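Source: prediction; values computed, not measured. Side chains are part of it too, since the values below use all heavy atoms of this structure and drop only hydrogens, waters and symmetry mates.
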Amino acid sequence: MHPGKKLRQLREQLGLTVRDVEASSTSLANKRGNRSYSIPLSRLSDIENKEVVPSIYRMYSFAVIYRRDIREFFGWYGIDLDDVASDLASARVPKTHPIHTASYASTARVPIVDEKAFDFSRNCVLGRIIHDWGIIPLEFLAKFADVNFTYAYIGTEDRTMYPILPPGTFVQIDETKDKIVAATWRSEYERPIYFIETREGFRCGWCRVQGSQLMLQPHPLSPEPARMYRYPQEADVVGQVVGVAMKLKTRDDG
């Protein structure tokens, strides 16, 4: 159904005549001191029957008069404000800047973690302890629902990749990158870090495959030893770490 017909249907469901809409919009226009909010009979007829798109001011008048969220009307005309986050890449901005669009988005799905299954001392894949998804007004967080990514937590007792990945770090894992890459790296920051699942739990670190063995190599400054697993019998590569969120410690100079 065309948006105009939906508007007419909504008006009729509320028991409003076209003259009621005209009168109410005129009253709103007078209150605002802006005639653009007014919806004359002829314009209302064009909107309802001739697929004329209402102006932003008249869209607001419809929202007020019909007691509906204006974002619903935007959606009828093909504008979904929840798509702003994913559409940001379409516009390139040369200078560093804050992003304010998140505060105007409507809802987002975020994971609700089963606290009983969350052990801060051990590594874990968050997707396996999430028992539900909640709704909050932050659409940017919907990115976490991307099927190609898993989000994991580095346990407080795991210092395998310290100091690059300190204990307590949250990591984003690209599940499509589940093959160990053999190459020469110019620095430790270029070398990919993998998240693997073993019989003893989850591990995160540099990996190298030697025949039928997978070696999990810790950072040189880590107290953890290197580990060898039969591959793929004893180790499953979940994916490559592509994102990191950690708390930075600051020193009080005072």
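Qualifying side chain to side chain contact (heavy atoms under 4.5 Å, CB included) partners for Ile56, counting only residues two or more places apart in sequence or in other chains: Phe74. Applying the side chain to side chain contact (heavy atoms under 4.5 Å, CB included) test to Ala23 and every residue at least two apart in sequence or in another chain returns nothing. Checked against side chain to side chain contact (heavy atoms under 4.5 Å, CB included), Arg43 has the following partners two or more places apart in sequence or in another chain: Pro40, Asp46, Ile47, Val52, Arg58. Every residue was checked against the ring pair (Phe, Tyr, Trp, His ring centres under 6.0 Å) condition with Tyr194, not counting sequence neighbours, and none meets it. When the side chain to side chain donor-acceptor pair (under 3.5 Å) test is applied to Ser36, the partners found at least two apart in sequence or on another chain are Asn34. Partners of Glu188 according to the salt bridge (Lys or Arg N to Asp or Glu O under 4.0 Å) rule, which considers only residues two or more places apart in sequence or in another chain, do not exist here. Looking at residues two or more places apart in sequence or on another chain, you find a side chain to side chain donor-acceptor pair (under 3.5 Å) between Thr17 and Asp20. Residues satisfying the side chain to side chain contact (heavy atoms under 4.5 Å, CB included) test with Gln233, not counting sequence neighbours, are Arg230. Remark: Tyr229 pairs with no residue by the ring pair (Phe, Tyr, Trp, His ring centres under 6.0 Å) rule, at least two apart or across chains.
What you find for Ala226 and Pro218 is that their closest heavy atoms are CA-CD, 3.7 Å. Considering every non-hydrogen atom in both Ser25 and Ile65, the closest pair reads N-CD1, 3.8 Å. Between Ile70 and Met59 the shortest heavy-atom distance is CG1-CG, 3.8 Å.
Side chain of Ser24 to backbone of Val21: no donor-acceptor contact under 3.5 angstrom is found. Of the possible donor and acceptor atoms, none in the side chain of Asp158 sits under 3.5 Å from a partner among the backbone N and O of Ile154.
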Worksheet entry | Evaluation steps, side chain to side chain contact (heavy atoms under 4.5 Å, CB included), between Val237 and Cys207 | CA-CA 10 Å; Val237 180; Cys207 294; 5.9 Å; no
Practice prompt. Apply side chain to side chain contact (heavy atoms under 4.5 Å, CB included) to the pair Phe73 and Leu10, showing each step before the final yes or no.
Written response: CA-CA 11 Å; Phe73 295 151; Leu10 185 57; 4.0 Å; yes
Item to complete: Carefully, step by step, assess Ile164 and Ile193 under the rule side chain to side chain contact (heavy atoms under 4.5 Å, CB included).
Response: CA-CA 10 Å; Ile164 293 180; Ile193 299 173; 4.2 Å; yes
Practice prompt. Apply side chain to side chain contact (heavy atoms under 4.5 Å, CB included) to His219 and Trp206, showing your working.
Written response: CA-CA 8 Å; His219 191 276; Trp206 291 319; 3.7 Å; yes
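Listed by first and then second residue, the ring pair (Phe, Tyr, Trp, His ring centres under 6.0 Å) pairs involving residues 36-66 are Tyr37-Tyr57, Tyr37-Tyr60, Phe62-Tyr66 (not counting sequence neighbours). A salt bridge (charged side-chain N to carboxylate O under 4.0 Å, His left out) check over residues 6-19, counting only residues at least two apart or in different chains, returns the pairs Arg11-Glu48. Pairs engaging residues 212-228 under the salt bridge (charged side-chain N to carboxylate O under 4.0 Å, His left out) rule: Glu200-Arg227, Glu224-Arg227 [sequence neighbours left out].
Val64 and Tyr77 fall within a single hydrophobic cluster, where Ile, Leu, Val, Met, Phe, Trp and Tyr side chains are chained together by heavy-atom contacts under 4.5 Å. Each of Met215 and Val181 belongs to its own hydrophobic cluster when Ile, Leu, Val, Met, Phe, Trp and Tyr are linked at side-chain heavy-atom distances under 4.5 angstrom. Under the 4.5 Å side-chain heavy-atom criterion for Ile, Leu, Val, Met, Phe, Trp and Tyr, Met161 and Val171 are members of the same hydrophobic cluster.
Looking only at side-chain heavy atoms (C-beta outward), Ser45 and Lys50 stay at 4.5 Å or farther from each other. Residues Pro192 and Trp185 form a side-chain contact, since some pair of their non-hydrogen atoms from C-beta on lies under 4.5 Å apart. Here the side chains of Leu165 and Cys204 are in contact, with some heavy-atom distance below 4.5 Å.
To the nearest 0.5 angstrom, Gln240 atom CD is 14.0 Å from Phe195 atom CZ. Separation of atoms CD (Glu234) and CD (Glu197) is listed at 13.0 Å; rounding is to 0.5 Å. Here the CG atom belonging to Asp178 is positioned 8.0 Å from the CG atom belonging to Asp236, to the nearest 0.5 angstrom.
For an aromatic pair to be called close, the ring centres must be under 6.0 Å apart, and Trp76 with His2 fails this.
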